[in-house]
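These numbers come from the heavy atoms of this one structure, side chains and all, not from hydrogens, waters or symmetry mates. Owing to the predicted nature of the structure, the values given are computational and were not obtained by experimental measurement.
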Amino acid sequence: MKFAVIVFPGSNCDVDMYHAVVDALGEEAEYVSSTATSLVGFDGVLLPGGFSYGDYLRCGAIARFAPVMSEVQRFADEGKPVLGVCNGFQILTEAGLLPGGLLQNEGQTFLCETVTLRVENNHSLFLTNYEVGEKIEIPIAHGEGNYVCSEETLQELHDNRQIAFKYENNPNGSMANIAGITNKQGNVLGMMPHPERAVEALLGSTDGKRLFESMIKNWRNEYAYHA
């Protein structure tokens, strides 16, 4: 499986994402500039964390207009996997690929720590290697991870099983303790915690590795074996 790691001006977790895919999982990956206009030849898209365009306006608000985002939209519409982590999650909400938005953390402080997440469902292609209700350890590092949405949208997220992860001890004030959500089809996942920083024992946790393994396994079942 070949991944595109999208690099925006200000991305700072692209190398971590590349390392997780190539070195920890043995898959292919290539850095792709935000100015690219084609994602042909890739099987999955990864939007890493960082501070796209300096985040001077609102996190992800400028990045959503980058040329590559129309291709990310096409990719998602075709049912292919798109994962956005931290700033990548913010960009996906700003682009309308995921509902809701991210505000400054409750308490107005930047948070950098390992947190406990509860797996809310294993319905999507990213989550089948987890058990529902399982508790996992994944690090966070963000100043604007406070997820918000309307009450109507929150109900839809519950009804459609779109909530992927919830915080056990909500660190940033997110509505309903939400740490990550998918789109209705389940092929787009956005999350504030960093699974790419939890793929090796040396990093303190391997709980994030199963997310990538799940994505790779399901992609192969869906596409590679039927090609």
Trainee: What I'd like to find out is whether the side chain of His158 reaches to under 4.5 Å of the side chain of Ile163, using heavy atoms alone.
Mentor: yes
Trainee: In a check of ring-ring contact (aromatic ring centres under 6.0 Å, His included) between Tyr31 and each of Phe8, Phe3, Tyr18, which one passes?
Mentor: Tyr18
Trainee: Is the shortest side-chain heavy-atom distance between Pro99 and Glu156 below 4.5 Å?
Mentor: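 In short, these two side chains do not touch, never coming nearer than 4.5 Å.
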Trainee: Taking the side chain as every heavy atom from C-beta outward, state whether Leu211 and Ile138 have any atom pair closer than 4.5 Å.
Mentor: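 Leu211 does not reach Ile138 side chain to side chain.
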Trainee: Quick one: do the Asp16 and His194 side chains pair a donor with an acceptor below 3.5 Å?
Mentor: no
Trainee: If we only count heavy atoms from C-beta on, is the Glu30 to Phe42 side-chain gap below 4.5 Å?
Mentor: yes
Trainee: Using the test side-chain hydrogen bond (donor to acceptor under 3.5 Å, both in side chains), find all partners of Asn160 that sit at least two apart in sequence or belong to another chain.
Mentor: Gln162
Trainee: Are any non-hydrogen side-chain atoms of Val5 and Val21 less than 4.5 angstrom apart?
Mentor: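 Not touching, per the 4.5 Å side-chain cut-off.
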Trainee: Are the side chains of Glu137 and Thr116 in touch, meaning some heavy atoms are under 4.5 Å apart?
Mentor: yes
Trainee: Any side-chain heavy atom of Met192 sitting closer than 4.5 Å to one from Glu144?
Mentor: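 They are not in side-chain contact.
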Trainee: Is there side-chain contact between Tyr56 and Ile62, with heavy atoms separated by less than 4.5 Å?
Mentor: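 No, side chains not in contact.
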Trainee: If only side-chain N and O atoms count, and only distance matters, is there a donor-acceptor pair under 3.5 Å linking Glu222 with Asn218?
Mentor: no
Trainee: Could you state the interatomic distance from OG1 (Thr153) to CG (Asp159), rounded to the nearest 0.5 Å?
Mentor: 11.5 Å
Trainee: Please check: side-chain N/O of Glu71 versus main-chain N/O of Leu39, any donor-acceptor pairing under 3.5 Å?
Mentor: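 Answer holds: yes.
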Trainee: Can you tell me if Asn87 uses its side chain to pair, donor with acceptor, with the backbone of Ser11 under 3.5 Å?
Mentor: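 No.
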